[in-house]
Amino acid sequence: MTDDGQTYTNPVLNADWSDPDVVRVGDDFYLTASSFGRVPGLPLLHSRDLVNWTLVGHALERLEPEERFTAPRHDHGVWAPSLRHHDDRFWIFWGDPDQGIFQVNAPEIRGPWSRPHLVKEGPGLIDPCPLWDDETGEAYLVHAWAKSRSGVNNRLTGHRMHPDGSSLLDAGKVIVDGDRIPGWFTLEGPKLYRHDGWFWILAPAGGVATGWQGALRSRGFFGPYEERIVLEQKDTDVNGPHQGGWVRTGAGEDWFLHFQQRGAYGRVVHLQPMRWGDGGGWPVIGDAGAPVAVHPRPALPAQPPAAPATDDDFPGGRFGRQWQWTANPAAGWATQHSGDGLRLACVRSGDAHDPRRLPHVLTQRLPGTPCVVEVELRLDRAEPGAWAGLVVLGDAFGWIGLECRPGGGVRLVHRFAEAAADRERDAGPSCPAPGGRARLRIGIGAGARCRFSYDVGAGFVASGPVFTATPWRWVGALLGLFAAAPEGPGAAGAATFTHFRVTPC
C-alpha cells in the first residue's frame, strides 16, 4: 500500500500470506508463504519494489501423498517455507509437521517445479531453511520442532546438507537451545544467512501473536550462538512482529519482511527497513527495533500500484491463480466451457451440510480491509437437496446461496455454524429465487464482521444478524464458492458463478 509515491504504509500485503520468505534475483523480488492444506500450494509472488506484489503462480500442484489430502486438513500440509536461489535454480524447502522436510526446485519462478522430495522424514520437523556457503562450498540446513508432533520445541537443529539439496549428511545437532536463553520460548521459523564472516539465524520467539524477532550469530555453523532481540512491538499496535526474511536490494539497501497475526485476517505482511552495524554488527530492524507504520519507500524504480488479484470473471470456466481448493481436487468438480462463469458440480457428500469438511470448496484469502464481496449465482438442473453459495469459512462459517427444494423450486437460503457445532442451521428466513438465480453479497467491516444480503430480482435485502469471521488454528478465514448435495445416486446438477468482485469500502 502506498501513500504519496515517496512512502509506503504497512502492511504491504494485507491478507493471510503467512510465514513469508523472500529472495532477490537480479531486479526482481520473489516471495512465498505457507499454504497449509490448500491446493495448489506454495504461492509465488513477484515485486520490483518490495511494496507492490502480484501473484504469479504456485510451486506445488498437489499435496503428497495424494490420499492423505483428499479431505480438508486445514492446519496441516505446507508450513513455513524458505525460498532461495542457488546454482541458477529456485529452491523451496518446507516442513510438513506430520511427515518431515520437503524440497522442490525449478529453473524459473514459474516452473516447471519438481515433484516434492522428502529430505528428512519424521514428525514435528518444521520451518527448514537451507544455506549454500559460497565461501566454502558447504551446504547446511536448519529446522525447528513442533511440540504437538514431536514433544519438543524451542530448539533449532542443524545439519550438513548435500550440495544438490537432496539429502542430509549427518544425524543433526541442536545448535540453539531456547530453554537456555532467559525469557525465550517457542523459538522457531529460522532463516539462515552468511554475512560479514558470521553465520546468522533470524528466528522468531515468544509465540505467534505476542512474540518478537531474534537474531543469532556464530562464527561456525554448529555454534555456539549469541542472541539479541532485534524487532518487537514496543509502543506500536503491531503485535508479535516476527518471522520473515531479510533481502538486500541491488543498491545495497537491507529490508525485512515479516508477519503480524490479525485474527480472522490471518498473518498480514509488513516491510521493515533494516541496517547492519549496531553495537558490534547486529541488525537493526524497523525504527530502532520497533515496527514502522509509514516509511520512505525502497530506493528502487517506481512501480504502478499492484496487489494480488481478487476479482474473477472465470473466462471459459477457468479460475484465476488466487483460488485454491481445500484439498487435492478431483476430476469433474469444475467444468471448462465456451462462455464465462465458474461451473461447479453439486458434488454429493455425506458432509454436505458442513463446508468445513468439503474438499471441493474453492477459496481465496479474506481481505484485510473493509470491503464488499459480490457474486452472481445460477443453480442449474439441480436435484432436490442440492445447493451452492458464497461462504466465509473458518472454524465457524456463514454462507448464503441457493437450494433446490422438493418439487423443483429454488430458494434463497442463509446458514451458519458456530465453531463447536457439527452441523449448520438457518441464519434467516428463506425466500423463492425465480429462475434459480441470485446476486449474493457480503459486506465485511472492521473486526471481520460480515453482513450478508441477496438480490433475487427486487434489489438487495439484508439477511440475518452480523456474523463475525473466525480463523482456523493457524489459518485466517477464507472466502469460498461451493456447490454440494447429499449422498445419493447420479449427478445432482451444477451451479454457475459469475462476476466475482471484491470492492474496497
Side-chain angles (χ1 to χ4, degrees), residues 70 312-320 323 325-355 357-363 373-391 393 397-415 423-424 426-442 452-458 460-461 463 479-501:
T70 56
D312 206 339
D313 287 320
F314 309 109
R318 298 172 177 85
F319 48 85
W323 298 97
W325 299 104
T326 47
N328 281 331
W333 287 359
T335 304
Q336 294 184 10
H337 52 91
S338 59
D340 291 348
L342 174 68
R343 190 173 296 164
L344 296 181
C346 296
V347 179
R348 293 190 180 276
S349 171
D351 294 317
H353 285 279
D354 191 340
R357 300 181 181 180
L358 297 179
H360 53 275
V361 182
L362 196 60
T363 68
V373 180
E374 189 172 314
V375 71
E376 298 178 20
L377 169 62
R378 185 181 74 242
L379 199 55
D380 299 319
R381 305 179 308 281
E383 294 292 316
W387 58 88
L390 171 65
V391 63
L393 187 63
F397 68 84
W399 71 273
I400 192 166
L402 299 175
E403 181 179 22
C404 186
R405 309 292 283 186
V410 176
R411 297 185 68 84
L412 188 291
V413 294
H414 178 195
R415 294 178 178 143
R423 195 173 181 87
E424 65 186 10
D426 288 333
S430 66
C431 69
R437 296 172 178 268
R439 296 167 66 198
L440 310 174
R441 180 181 288 175
I442 305 175
F452 292 77
S453 58
Y454 63 89
D455 176 9
V456 291
F460 275 99
V461 178
S463 180
L479 296 172
L481 305 175
F482 74 102
E487 290 181 308
T496 301
F497 296 87
T498 56
H499 303 107
F500 184 90
R501 296 290 183 270

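- Residues Thr498 and Asp340 have side chains not in contact (no heavy-atom distance under 4.5 Å, counting atoms from C-beta outward).
- By the 4.5 Å heavy-atom criterion applied to side chains, Pro329 and Leu362 are not counted as neighbours.
- Nearest heavy atoms, Ala352 versus Ala485: CB-O, 3.5 Å.
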| field | Worked verdict on Leu390 versus Phe452 for side chain to side chain contact (heavy atoms under 4.5 Å, CB included) | value | CA-CA 10 Å; Leu390 171 65; Phe452 292 77; over 6 Å; no

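- The salt bridge (charged side-chain N to carboxylate O under 4.0 Å, His left out) test applied to Arg318 returns no partner, not counting sequence neighbours.
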| Trace of the side chain to side chain contact (heavy atoms under 4.5 Å, CB included) decision for Thr363 with Val391 | CA-CA 9 Å; Thr363 68; Val391 63; over 6 Å; no

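- Salt-bridge formation is not detected for the pair Arg437/Glu376: no Lys NZ or Arg NE/NH1/NH2 atom is positioned less than 4.0 Å from an Asp or Glu carboxylate oxygen.
- Ring geometry for Trp323 versus Phe314: interplanar angle of 30 to 60°, hence tilted.
- Residues meeting the side-chain hydrogen bond (donor to acceptor under 3.5 Å, both in side chains) test with Thr335, sequence neighbours left out: none.
- At least one side-chain heavy atom of Val456 sits under 4.5 Å from a side-chain heavy atom of Pro434.
- Note on Arg411 versus Glu403: no salt bridge recorded, every NZ/NE/NH1/NH2 to OD/OE distance being 4.0 Å or above.
- Glu424 is linked by a side-chain hydrogen bond (donor to acceptor under 3.5 Å, both in side chains) to His353, Trp399, counting only residues two or more places apart in sequence or in another chain.
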